[in-house]
A.B. asks: 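Got a structure for you, written out below as structure tokens; questions coming shortly.
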Amino acid sequence: MKRFVASALAALMLLTVFASAAMADDNNTTSAASTVEIRGPVYNGSSLTDILANTAYGNGTAITMDANKFAAFYYDIDDNVTTESLSIKNVAGTSGRTIGEHGLVYTTTIGKAEYENKDVDWGNYSVIGFFADKYIPLKSNGADKLAKLVVDSDDKQTLKTGDNLDLGDGYSLQAKQVDVDGNKVWLEFDKDGQYVDDQIVSTDSGDHTWTCEVDDVQGEDDVPVLKVHVNQVFQGAVDSVAQIDGLWLIDYANAIKIDSDDEFGKLNDVSINGPTITISNDDTFSLTKDSDQEIGQGLYFKVADSDALRFYAYKQQTTSGTYDVRGTVVSGTQPYTWTPDNFAGFFYDLKKNVGTETLNVSGVDGRTIPENGLKYSTTISKVDYDADDAFNGTYPVLGFFAQKYVPLKSNDASKLAKLVVDSDDKQTLKTGDNLDLGDGYSLQAKQVDVDGNKVWLEFDKDGQYVDDQIVSTDSGDHTWTCEVDDVQGEDDVPVLKVHVNQVFQGAVDSVAQIDGLWLIDYANAIKIDSDDEFGKLNDVSINGPTITISNDDTFSLTKDSDQEIGQGMYFKVADSSELRYYPYVQQTLGNETTTTTSSNITSIDNTTSIDNTSVTSTPVENSTEETQDVNASTSTETPVTSTPDTSAAANNTTETKNNTPGFEIVPAIFGLLSVFYIVRKNR
């Protein structure tokens, strides 16, 4: 019996060891972005009355944001189609920070857009932006019944007999058979693997198009839901194939109906007048200092932590995908300057009203920007830490091609490191926990002292030791500022700031609470030289805190193209006889990570689902609950020509990180020794 008890105790202690190690591993904390914010113009004044009276913002009685100003709103650059606007009006009750009843007005009206395949005579189709997402009205003159656009493409797709083409959102197209003469294909349209309709499409007569119509879509019959254009059919000795070069599809199975008693956040007074939806607030709306105020359906106002009234509207995108974040649309050859006020991609700090970047175009002749007619400039400024209650003072910042960088020296823009973290979020670390800071950096709570007022922290890069520090919470400022040498030749560079709010030594767990983090990617710091090139911007001048880059060759704004300006920034040029274009960068959201990309890909249609329980949604045949699956193109950021400095990381990663769990291992080892003693004694 004694041996049985001893054996059981031994097994229990072994389980304790493994549980302790697993707990230390499972408690790793990850910090990652999960949204993309696309903002509108910045409004700044002493009060709403002051802002509304400023003719630089509006007509003196109202300010209005349409798709030309608000990058999140639906916009078709080729046809210059915009349907949405958001206005603040000078109505009774509007003053200070308060918008009066019916003073906040959202309006959208059906417009017309061309199909992507312009070589096929499909005419155009009705479209409407609805809270910054692209929808198709089921009736061309009625805005109350809408379906999301899933596909509008002129890409060539080749289907062999039996192939299924995934169209997205559960819809698919199958090539059933090709006839023996090789001029007809039998197609089947499915939803969630269930049959919807089929058609034999001929390529030797007619327009080679199948338009699939469905009945009882929110009470409407004969609704065109799918268009397919078959370019060629081929019957070979081995394979039978059909080539498709035009696809258009709406998510009819999840169509919505908008009623006059629906509510969309603070916008809850709905009026539908044929092709137009107008929604306003039937109660006052307060622009509270330092807040994010939801307007409705993913639209917000972000209000500065400032005595002055400073705010902008933004759309919060949460669905995985790639989004264009663009500037104001320019038509014609007039000179124009984009700043953070009218280019949502540029870095902007609302609290301090700080923006560092400008892009200027001048001297355009036809579609050609002359030498030095395109100029990008950015200048170092100062911003507060997010954890301004923990970290005193400010830090230098520089927007560089729409990304936030920190200069290694406050008055020199030539050496930069990307900002990785600036946060005042509270993080609780148990002994042995690793906090993932992003880009391979991590912070570990090694141990907490027995008195419960100090914590031993370790800073790592790619699992390798960089530095450590014992931080006390009963004296000093509770802050560890980690400095690193030889970062692009600079020494004593502050690369990490950590503020420890509290330390706790409990009977079971030892924990440290962190409420301030700031980190730069020093291991990949860059040095900008006068002979560097950034796409078409290749004439570099560095003057202390300012970088200016222009083009030393002509720049063509080719019709229907995406022209790289430099370093992940592009001009999108309309497929139009009139010169129409805007600058943009791309934000990719996926796997809870937000990055700025530089690939030349077509922007997705922002077609997130409606999440409003008051909207009536009646699925039709073969439908299931809608699942968002936006396919994001994979892209790689274009590097600057300078080689990243990795010597700092190398010089500070000579020690191997100790992967042994922290304090939790001590009682486990003690337990094993005790069991060993008991077993030996019983023998």
Side-chain angles (χ1 to χ4, degrees), residues 29-39 70-75 116 129-136 146-153 155 157 164-172 191-192 247 249-251 253-254 256 292 294 297-300 302 314-326 344-345 402-404 418 420-421 423 425 436-440 562 568-570 572 584-612 617 623-638:
T29 307
T30 301
S31 176
S34 58
T35 63
V36 168
E37 178 186 299
I38 304 177
R39 62 176 172 83
F70 189 6
F73 280 163
Y74 163 71
Y75 178 66
E116 280 296 313
F130 190 61
F131 286 102
D133 293 327
K134 187 176 181 179
Y135 281 83
I136 308 302
L146 309 175
K148 185 188 72 172
L149 181 70
V150 180
V151 176
D152 182 14
S153 171
D155 293 341
Q157 309 272 1
N164 267 304
L165 178 62
D166 183 2
L167 304 177
D169 288 355
Y171 298 95
S172 61
K191 171 70 170 103
D192 298 325
L247 276 169
L249 170 67
I250 64 172
D251 188 11
N254 294 288
I256 61 171
D292 291 78
E294 185 173 14
Q297 210 66 27
L299 291 182
Y300 292 81
K302 185 178 287 291
Y314 72 93
K315 171 75 173 183
Q316 189 176 59
Q317 300 287 7
T318 58
T319 303
S320 296
T322 299
Y323 300 91
D324 282 1
V325 184
R326 58 180 171 81
Q403 296 194 52
K404 189 175 181 179
K418 193 176 295 184
V420 179
V421 176
S423 171
D425 293 341
D436 182 0
L437 304 177
D439 288 355
D562 293 78
M569 190 179 297
Y570 294 82
K572 183 177 287 293
Y584 74 94
V585 294
Q586 290 180 324
Q587 296 272 328
T588 297
L589 179 62
N591 298 323
E592 294 192 340
T593 302
T594 306
T595 58
T596 301
T597 68
S598 60
S599 66
N600 188 1
I601 64 176
T602 304
S603 64
I604 66 168
D605 294 311
N606 298 340
T607 52
T608 51
S609 61
I610 294 295
D611 182 17
N612 190 313
S617 178
S623 67
T624 59
E625 183 178 354
E626 178 183 13
T627 301
Q628 279 295 334
D629 184 19
V630 179
N631 296 319
S633 298
T634 302
S635 58
T636 304
E637 182 180 357
T638 304

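Computation of the quantities below employed the complete heavy-atom set of this structure, encompassing side-chain atoms and omitting hydrogens, waters and symmetry-equivalent molecules. Counting from 1, the numbers follow the sequence of the chain as shown.
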A.B. asks: Output all residues satisfying side chain to side chain donor-acceptor pair (under 3.5 Å) with Glu37, sequence neighbours left out; order by chain, then residue number.
C.D. replies: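 Residues passing side chain to side chain donor-acceptor pair (under 3.5 Å) with Glu37: Tyr312.
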A.B. asks: Can you find a heavy atom in the side chain of Leu167 that is under 4.5 Å from one in the side chain of Leu247?
C.D. replies: yes
A.B. asks: Are any of the side-chain heavy atoms of Gln586 and Val325 separated by less than 4.5 Å?
C.D. replies: no
A.B. asks: Heavy atoms, side chains only, cut-off 4.5 Å: are Val585 and Tyr323 in contact?
C.D. replies: no
A.B. asks: In plain terms, say whether Asp169 and Lys148 are close enough for a salt bridge, that is, a side-chain N and a carboxylate O under 4.0 Å apart.
C.D. replies: yes
A.B. asks: What is the minimum heavy-atom distance between Leu149 and Leu249, and which atoms define it?
C.D. replies: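 Closest approach of Leu149 to Leu249, heavy atoms only: CD1-O, 3.5 Å.
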A.B. asks: Side-chain contact test, heavy atoms from C-beta onward, threshold under 4.5 Å: evaluate it for Gln587 versus Asp324 and give yes or no.
C.D. replies: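 No, side chains not in contact.
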A.B. asks: Identify the two heavy atoms, one from Arg39 and one from Ala344, that lie closest to each other, and give their separation to 0.1 Å.
C.D. replies: O-CB, 3.3 Å
A.B. asks: Measure the spacing between OH of Tyr75 and CZ of Arg326 and express it to the nearest 0.5 Å.
C.D. replies: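 Interatomic distance, Tyr75 OH to Arg326 CZ, rounded to 0.5 Å: 7.5 Å.
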A.B. asks: Restricting to side chain to side chain donor-acceptor pair (under 3.5 Å), what partner residues turn up for Asp292, sequence neighbours left out?
C.D. replies: Lys302, Tyr314
A.B. asks: Are any side-chain N or O atoms of Asp436 and backbone N or O atoms of Gly438, one a donor and one an acceptor, separated by less than 3.5 Å?
C.D. replies: yes
A.B. asks: Can you tell if the side chain of Asp251 reaches within under 4.5 Å of the side chain of Ile136, non-hydrogen atoms only?
C.D. replies: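 Heavy-atom side-chain distance check fails, nothing below 4.5 Å.
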A.B. asks: Leu589 and Val36: which non-hydrogen atoms are nearest, and at how many Å?
C.D. replies: CB-CG2, 3.8 Å
A.B. asks: Anything under 30° is parallel, anything over 60° is perpendicular, the rest tilted; go ahead and classify Tyr584 against Tyr570.
C.D. replies: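 The arrangement is parallel - the two ring planes meet at less than 30°.
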A.B. asks: What heavy-atom pair brings Thr318 and Thr35 nearest, and what distance separates the two atoms?
C.D. replies: CG2-CG2, 3.7 Å
A.B. asks: Would you give the length of the straight line joining atom CZ of Phe70 to atom CG of Leu299, rounded to the nearest 0.5 angstrom?
C.D. replies: 5.5 Å
A.B. asks: Would Lys134 pass as a cation-pi partner of Tyr74, given that its NZ or CZ must be under 6.0 Å from the six-membered ring centre and within 45 degrees of the axis?
C.D. replies: no
A.B. asks: What are the two closest heavy atoms between Leu146 and Phe130, and how far apart are they?
C.D. replies: CD1-CG, 4.1 Å
A.B. asks: Please name the pair of heavy atoms, one in Ala402 and one in Met569, separated by the smallest distance, quoted to 0.1 Å.
C.D. replies: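 In this case the closest contact between Ala402 and Met569 is N-CE, 4.2 Å.
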